[in-house]
Amino acid sequence: MGIISWIIIGLIAGAIAKLLMPGKGPKGCIITVLLGIGGAFLGGWIGSQLGFGTVKGLDLKSILIAAGGSFLILIIYKAIKQK
């Protein structure tokens, strides 16, 4: 996958995760993309460990896996920020 694909998946996954997470979170487009890209890596790793698959391209399954990873990153971010 190329860098443009990772950025697009990151933007979509980060936006989905931010919509699903209640309360305040990190703001800004750059943070959303970075959150989504990190979530794609985390979601892809967890998905491959559990046998769900990985983030391979711009398809619905990859976006959902990346959004799940982004959601987990947001949960960790909020837990750290509250302390």
Side-chain angles (χ1 to χ4, degrees):
M1 241 177 33
I3 188 74
I4 302 297
S5 297
W6 279 106
I7 292 171
I8 292 170
I9 286 179
L11 182 61
I12 294 168
I16 291 170
K18 284 175 74 172
L19 286 174
L20 293 176
M21 179 66 74
K24 290 186 176 183
K27 297 182 182 192
C29 187
I30 301 290
I31 298 298
T32 301
V33 170
L34 293 175
L35 170 75
I37 292 171
F41 283 115
L42 180 63
W45 181 77
I46 291 172
S48 67
Q49 297 299 314
L50 297 176
F52 294 135
T54 61
V55 177
K56 296 181 184 174
L58 281 171
D59 59 359
L60 183 60
K61 183 178 179 182
S62 294
I63 291 172
L64 292 176
I65 290 172
S70 298
F71 191 76
L72 287 174
I73 288 177
L74 265 178
I75 290 172
I76 293 167
Y77 171 82
K78 285 190 173 201
I80 291 171
K81 187 160 181 159
Q82 287 179 354
K83 289 185 178 186

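Excluded from the calculations below are hydrogen atoms, water molecules and symmetry mates; all remaining heavy atoms, backbone and side chain alike, are included. Just so it is clear, the structure is predicted and the values come from calculations on it, not from any experiment.
- For I76, the side-chain contact (heavy atoms from CB on, under 4.5 Å) partners are I80, not counting sequence neighbours.
- Note on L64 and W45: separate hydrophobic clusters, where clusters join Ile, Leu, Val, Met, Phe, Trp and Tyr whose side-chain heavy atoms are under 4.5 Å apart, directly or indirectly.
- Looking at residues two or more places apart in sequence or on another chain, you find no ring pair (Phe, Tyr, Trp, His ring centres under 6.0 Å) involving F71.
- Contacts of L50 classified as side-chain contact (heavy atoms from CB on, under 4.5 Å), with partners at least two apart in sequence or in another chain: I46, F52.
- Note that CD1 of I12 is 11.0 Å distant from OG of S70, once rounded to the nearest 0.5 Å.
- Here L42 contributes atom CG and I65 contributes atom CD1; the two are 11.5 Å apart, rounded to the nearest 0.5 Å.
- Rounded to the nearest 0.5 Å, atoms CD1 (I16) and CG (L35) are 11.5 Å apart.
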